[in-house]
Amino acid sequence: MSNIAQVIVNIPTRSIDKPFSYLIPPHLQGVDVGWRVLVPFGNRKVEGFVIALAAERPEGLKTILDVLDTYAWFNTNMIETAKWLSTYYLCSLGEALRLFVPGQSGIRTQKAYKAPDEADFEQAAVILENKPVEYSTVLSYIYNQGSATLTELVKLSENTNTILKFFLQHKLIVHSDTVNKRGKSNTTTIVNLAVGREVAALTEQQLPKTCLAQRRLLHALIDNNELTTAQLRDLNITPSTIKKLASQGLITIRTTQVFRNSYDTLCKSATKITLTEEQEHALKAIIPLICAQAHKSFLLHGVTGSGKTQVYINAVAEARRLNRQAIVLVPEIALTSQIIARFQAAFGNDIVVMHSKLSVGERHDAWRRLQLGQAGIVIGARSALFAPVNNLGIIIIDEEHEFTYKQEESPRYHAREVALIRAKLAGAVVILGSATPAVETYYQALNGKHTLLPMRKRIDNVPMPAVTVVDMRQELAQRRRSVISPPLQEMLAETLANKEQAVILLNRRGYSTFVLCRECGHVLKCRHCDISLVYHTSGNTLRCHYCQERHSIPDTCPECGSRYIRYFGTGTQKVEESLNLLFPTAKIIRMDQDTTSRKMAHDKILSAFANGSYDILLGTQMVAKGHDISNVTAVGIISADTALNLPDFRAAEKTFALLTQAAGRAGRGAKAGRVVMQTYNPEHYAVQAGAAHNYQEFFESEITFRRQLNYPPFTHLLKITVQANDETIVHRNANLLASELAQILTGVDSSIVGPFPASINKIKDIFRVNILIKTTDLPNVTLKLTDVDIISRKDIIVDVDPINVL
Ligand SMILES: Nc1ncnc2c1ncn2[C@@H]1O[C@H](COP(=O)(O)OP(=O)(O)OP(=O)(O)O)[C@@H](O)[C@H]1O
Ligand SMILES: [Zn+2]
Ligand SMILES: [Zn+2]
């Protein structure tokens with residue numbers, strides 16, 4: 001047996017990326033790979049993760065102080081996934097492992113001070129001779145208490161920090177940080193009768209009239225078999241009352257752990273469902289692989305309203321039947337309460353819902369239930385992927401194309417990629433579901449990486465909604481300047497007359513960064529990059545973010561000569577005003593950043609709309625997603641193409657997905673749906689394919705474009721952001737780095753684009769400059785970057801497979 005542990009310390013310093021060896025003391029024998037421990041590090045005590053045991057015994061090792069749990073937190077699957085993640089995304093192993101623990105850390109240290117072992121009181125008196133009296137106050141407090149926390153000490157004097165610094169310098173005190181374990185489970189006290197009911201009843205009668213509390217407790221116990229802490233509190237029973245009865249042998253007391261389950265109340269009852277042929281077909285492909293415990297990934301490409309959720313539910317049920325666990329990822333909890341409710345209905349208490357509003361304690365409990373197998377399914381946003389399930393059988397990623405699956409802070413992982421690895425290591429199945437798969441995913445499916453499972457029809461063969469495309473250039477030519485075109489107005493009038501409901505999407509994203517001709521729809525683009533130019537208020541110029549070329553803003557449209565060339569914006573409030581004028585009696589509810597900032601406001605707005613309290617739901621992106629409301633028969637899209645003008649090679653993909661998802665909200669029930677799309681780009685393939693509900697058509701055009709300009713999936717991108725608080729320095733550093741990169745990457749199939757200023761080139765006074773690496777040989781590029789230890793450089797951010805390339 002080896003008694004040396006290799007420990008990754010959980011501290012947020014990127015530069016420490018190697019394990020340290022610690023001695024496992026005899027009383028902690030049994031500590032093994034995967035345990036969370038407390039170790040001394042520098043002059044602190046920190047949390048550490050044991051990732052290996054070592055046989056050799058170097059001299060002078062420090063000793064593990066304590067364990068944080070009584071079991072291994074990490075299993076091999078989790079450790080291996082973390083290792084992959086840290087290699088692929090160029091982060092430290094500590095950062096990757098930390099994703100798998102419920103809080104930032106399992107411990108909380110409190111700064112504290114004590115006398116050094118060789119404290120010399122006489123000398124201390126000499127040193128303090130000419131100091132103000134508060135110096136001696138603070139010192140004697142520490143010496144008298146043995147050890148004192150900073151929180152206590154700051155109460156003693158206004159100058160505590162200065163004083164402590166002085167003491168440390170003169171070695172009058174040393175650090176003695178105290179450590180609290182965090183995220184402990186709640187315990188509850190349970191009280192039972194220790195005697196029969198008759199005896200208890202008799203005792204109650206014999207008790208003096210004044211012993212009210214004791215009589216109340218006995219009485220309650222005769223009625224209920226046992227009482228919990230909460231019930232005891234309600235009865236106003238104090239611990240001393242309990243003790244008195246216990247000492248007479250009338251009752252017994254025990255404590256148990258309770259795991260908080262905050263979503264316990266959402267359950268609805270399940271209805272029996274006959275699967276459609278397409279659902280059957282998909283499940284026939286998936287279920288044998290779950291049974292075989294083999295790794296396989298599927299792309300469930302089902303049109304909006306085709307019943308993908310039911311496929312997920314049945315697949316998860318199969319995994320549960322085999323006693324394997326499931327991870328279900330949704331893009332955003334706030335917008336997906338319907339899918340959560342359906343899972344709750346099907347699985348009840350077997351589900352744990354991970355919500356960002358959970359406290360660390362609640363999160364810990366939820367994960368502990370999964371770890372112990374008390375719950376079998378976790379559903380949540382991307383972080384739920386790191387839940388400590390020990391028996392993983394299936395991972396589901398709903399709306400897999402959503403960009404919320406990419407984490408935009410370190411570690412910058414994409415949940416889809418990590419899920420594929422975690423499932424592979426566990427021999428588990430992955431289902432990626434979407435009506436509009438990411439171009440990369442669909443391409444991989446066509447090349448055999450995922451099995452493609454199409455579902456082309458809506459439930460009950462409900463037709464896809466009929467789409468009318470309105471050319472807003474024509475509107476302007478007819479001198480109609482309203483944001484609501486006549487066809488949209490007409491559709492809304494009919495919908496309201498029929499007592500049906502409408503959703504209106506105002507796609508605001510990308511507004512006022514690009515320049516558009518309102519006469520012909522022309523958007524100014526870079527000659528070299530086929531990417532929209534970005535308007536910069538500073539200097540009033542247009543700039544290409546890919547090649548950095550600058551242009552002045554023309555007075556007239558280079559395409560048609562019109563003077564109506566503008567960057568413009570329309571807010572939801574303005575649209576609401578127009579709607580109010582057109583339909584004074586309609587009840588309109590707005591869902592946008594302004595109205596949803598409160599907790600769960602999305603949910604409240606959506607349910608108010610779903611139960612018919614409102615006629616029109618108006619809002620940004622978020623009104624387009626996820627909901628399934630059968631009385632919604634009309635969808636209006638105010639500005640279908642604004643995202644097209646983003647200086648982003650994924651602009652068309654984003655636009656197509658949004659149009660398809662938005663249109664997909666209409667006509668999901670018995671009544672047919674209609675859609676009006678207003679656009680300045682009616683001939684763009686993303687708009688045309690979106691209007692035709694034709695993913696294949698979109699994909700063909702898009703993949704051609706990607707191939708021609710060498711964008712993913714034909715290459716990997718790697719974005720390196722250089723930061724500095726001085727503009728000259730940031731450019732100099734970026735140029736230096738670019739030439740360094742050129743050097744270390746010679747011989748590796750790659751090219752370097754930039755440096756160019758980031759689209760938000762200054763955040764909180766830090767200037768940012770980007771360098772893009774395009775490569776078909778990502779492993780070799782990351783290897784070279786690791787060789788030069790790029791992650792330890794504080795002024796550099798590396799983003800592998802970035803979503804946002806600007
Ligand atoms: N086999 C079935 N029989 C009857 N109704 C079904 C069946 N399967 C699903 N449904 C119902 O059809 C509706 C659409 O299903 P669901 O919301 O799962 O579609 P989806 O493919 O996820 O759509 P979207 O991509 O637009 O979110 C739901 O109300 C669901 O309850
Ligand atoms: Zn350019
Ligand atoms: Zn023009």
By side-chain hydrogen bond (donor to acceptor under 3.5 Å, both in side chains) - contacts of [X] (at least two apart):
X      : value
Arg665 : Gln661
Thr721 : Asn770
Ser383 : none

Task: Main-chain N/O of His414 paired to Tyr89 side chain as donor or acceptor, under 3.5 Å - done: yes
TODO: Measure from NZ or CZ of Arg363 to the centre of the six-membered ring of Trp367 and say whether it is under 6.0 Å with the direction within 45° of the ring axis.
DONE: yes
Task: Phe386: ring-ring contact (aromatic ring centres under 6.0 Å, His included) partners, not counting sequence neighbours - done: Phe100, Tyr413
Taking atom types as modelled and ignoring hydrogens, do the side chains of [X] and [Y] form a donor-acceptor contact shorter than 3.5 angstrom?
X      : Y      : value
Arg458 : Thr304 : yes
Tyr405 : Glu417 : no
Gln310 : Asn314 : yes
Gln501 : Thr633 : no

Is [Y] paired with [X] through a side-chain N to carboxylate O contact shorter than 4.0 Å?
X      : Y      : result
Arg416 : Asp801 : no
Glu318 : Arg321 : yes
Glu702 : Arg706 : yes
Asp398 : Lys308 : no

Open item on the list: Does Lys406 have more than 12 heavy atoms from other residues, nucleotides or ligands lying within 6.0 Å of its NZ?
Closed with: yes
Open item on the list: So for atom NE2, which belongs to His295, do other residues, nucleotides or ligands contribute more than 12 heavy atoms lying within a distance under 6.0 Å?
Closed with: yes
Task: side-chain hydrogen bond (donor to acceptor under 3.5 Å, both in side chains) pairs, two or more places apart, involving residues 282-291 - done: none
Task: side-chain contact (heavy atoms from CB on, under 4.5 Å) between Phe298 and Lys296, intermediate numbers included - done: CA-CA 7 Å; Phe298 298 91; Lys296 178 83 205 143; 3.6 Å; yes
Validation: residues 424-433 side-chain donor-acceptor distances under 3.5 Å, sequence neighbours left out:
none

Task: Audit row: Tyr711, Phe649, ring pair (Phe, Tyr, Trp, His ring centres under 6.0 Å) steps and yes/no - done: CA-CA 8 Å; Tyr711 284 123; Phe649 74 91; 4.5 Å; yes
- [ ] State which residue, out of Glu653, His401, His301, fulfils the side-chain contact (heavy atoms from CB on, under 4.5 Å) condition with Thr436.
- [x] His401
TODO: Decide yes or no for Gln371 and Asn390: does some side-chain heavy atom of the first lie under 4.5 Å from some side-chain heavy atom of the second?
DONE: yes
